[in-house]
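Below, each value reflects all heavy atoms present in this structure, side chains not excepted, and no hydrogens, waters or symmetry copies.
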Amino acid sequence: MSLFYDTLDTPIGVLMIEADNEHVLKILFDQDEVAANPNALTEKCKVQLQEYFEGKRTDFDLPVKFQGTVFQERVWQALLHVPFGETATYAEQAGKIHNPKAVRAVGAANGQNKINIVVPCHRIIGNNGSLTGYGGGIDRKQWLLEHEQKVAGKILL
């Protein structure tokens, strides 16, 4: 399997995109510099992410491939159903995967999400509304949520 890489400068840092010929595999902040080796899918991903940051895109049309445990993949799949401009709690996410006692495990799985923004783990917040945990950092999580709420015309956090 050939892997392809590219990067995108965003208002909140550089994103590294990794894909194979069929799926986006990773979109991560703060990665070591990689040599650009783009393909059509990394290019499509860059265009859609740029549109997202410009406020022109609220959902993504990209094939993604999860790489984790069965539990993690269920959690990540559930993230795809949290609407743009909205948030859900870790407890709500645990309920959506029919495992309401797995709140901490849901948080841990979110922390292992390797497809940032497109698989929107940044939309998951604490039960008290706090911005807890985000692999890209709380400042980025806050920026992403405020950006989405502004684009969606919702009240800011």
Side-chain angles (χ1 to χ4, degrees), residues 1-88 90 92-94 96-97 105-125 131 133-154 156-157:
M1 170 176 64
S2 295
L3 295 177
F4 301 90
Y5 300 91
D6 211 342
T7 58
L8 176 68
D9 287 323
T10 76
I12 54 175
V14 177
L15 285 170
M16 184 277 300
I17 302 163
E18 177 183 303
D20 61 20
N21 284 315
E22 298 176 17
H23 301 96
V24 173
L25 305 172
K26 297 179 184 175
I27 301 172
L28 297 169
F29 289 104
D30 300 328
Q31 297 300 295
D32 292 333
E33 191 170 323
V34 296
N37 177 29
N39 69 354
L41 189 51
T42 61
E43 289 298 321
K44 181 178 180 180
C45 185
K46 279 179 67 170
V47 166
Q48 290 192 19
L49 285 166
Q50 187 63 44
E51 291 169 348
Y52 167 88
F53 282 104
E54 292 171 355
K56 298 175 183 173
R57 175 173 291 276
T58 60
D59 62 340
F60 295 92
D61 177 25
L62 296 166
V64 298
K65 182 176 181 182
F66 297 127
Q67 300 176 75
T69 67
V70 171
F71 178 82
Q72 288 173 326
E73 291 180 13
R74 285 178 48 216
V75 170
W76 300 332
Q77 187 66 43
L79 290 169
L80 296 172
H81 300 286
V82 180
F84 181 92
E86 296 184 20
T87 59
Y90 292 99
E92 289 168 336
Q93 284 302 97
K96 285 182 183 176
I97 63 166
V106 164
N110 281 354
Q112 295 301 309
N113 174 29
K114 302 288 188 235
I115 309 174
N116 282 281
I117 302 170
V118 172
V119 179
C121 58
H122 62 275
R123 295 181 189 154
I124 308 304
I125 61 174
L131 302 185
Y134 181 62
I138 296 297
D139 290 345
R140 285 186 178 127
K141 182 173 187 164
Q142 182 171 355
W143 190 97
L144 292 166
L145 291 173
E146 289 176 356
H147 169 71
E148 290 185 6
Q149 291 173 346
K150 180 176 152 186
V151 170
K154 300 194 180 226
L156 297 179
L157 294 172

Visitor: So how far is it from Gln77 CD to Phe66 CZ, rounded to the nearest 0.5 Å?
Guide: 5.0 Å
Visitor: Taking the side chain as every heavy atom from C-beta outward, state whether Tyr90 and Asn110 have any atom pair closer than 4.5 Å.
Guide: yes
Visitor: Heavy-atom distance under 4.5 Å between the side chains of Ile17 and Phe4, does that happen here?
Guide: no
Visitor: Rounded to the nearest 0.5 Å, what separation is found between the OG1 atom of Thr42 and the NZ atom of Lys44?
Guide: 12.0 Å
Visitor: Just so I know, are the side chains of Tyr52 and Leu144 near enough to count as touching, which here means a heavy-atom distance under 4.5 Å?
Guide: yes
Visitor: Apply salt bridge (Lys or Arg N to Asp or Glu O under 4.0 Å) to the pair Glu18 and Lys114, showing each step before the final yes or no.
Guide: CA-CA 10 Å; Glu18 177 183 303; Lys114 302 288 188 235; over 6 Å; no
Visitor: With a 4.5 Å limit on heavy-atom distance, are the side chains of Thr10 and Phe29 in contact?
Guide: yes
Visitor: Taking atom CD as the centre, does Glu33 end up with more than 12 heavy-atom neighbours from other residues, nucleotides or ligands that are less than 6.0 angstrom away?
Guide: no
Visitor: Nearest 0.5 Å please: distance from the CH2 atom of Trp76 over to the CD atom of Gln93.
Guide: 13.5 Å
Visitor: Can you measure from CD (Gln67) to CD (Gln112) and round to the nearest 0.5 angstrom?
Guide: 12.5 Å
Visitor: Evaluate the side-chain proximity of Leu145 to Ile125: yes if any heavy-atom separation is below 4.5 Å, no if none is.
Guide: yes
Visitor: Would you call Leu41 and Pro63 a side-chain contact if the rule is heavy atoms closer than 4.5 Å?
Guide: yes
Visitor: Any non-hydrogen side-chain atom of Asp6 less than 4.5 Å from a side-chain atom of Leu8?
Guide: no
Visitor: Atom OH in Tyr5, atom CG in Asn37: separation rounded to 0.5 Å?
Guide: 8.5 Å
Visitor: Are the side chains of Val24 and Val118 in touch, meaning some heavy atoms are under 4.5 Å apart?
Guide: no
Visitor: Quickly, which of Arg140, Gln142, Glu148, Lys141 forms a side chain to side chain donor-acceptor pair (under 3.5 Å) with His122? Name it, please.
Guide: Glu148
Visitor: First locate atom OG1 of Thr87, then atom CD1 of Ile124, and finally report the distance between them rounded to the nearest 0.5 Å.
Guide: 8.0 Å
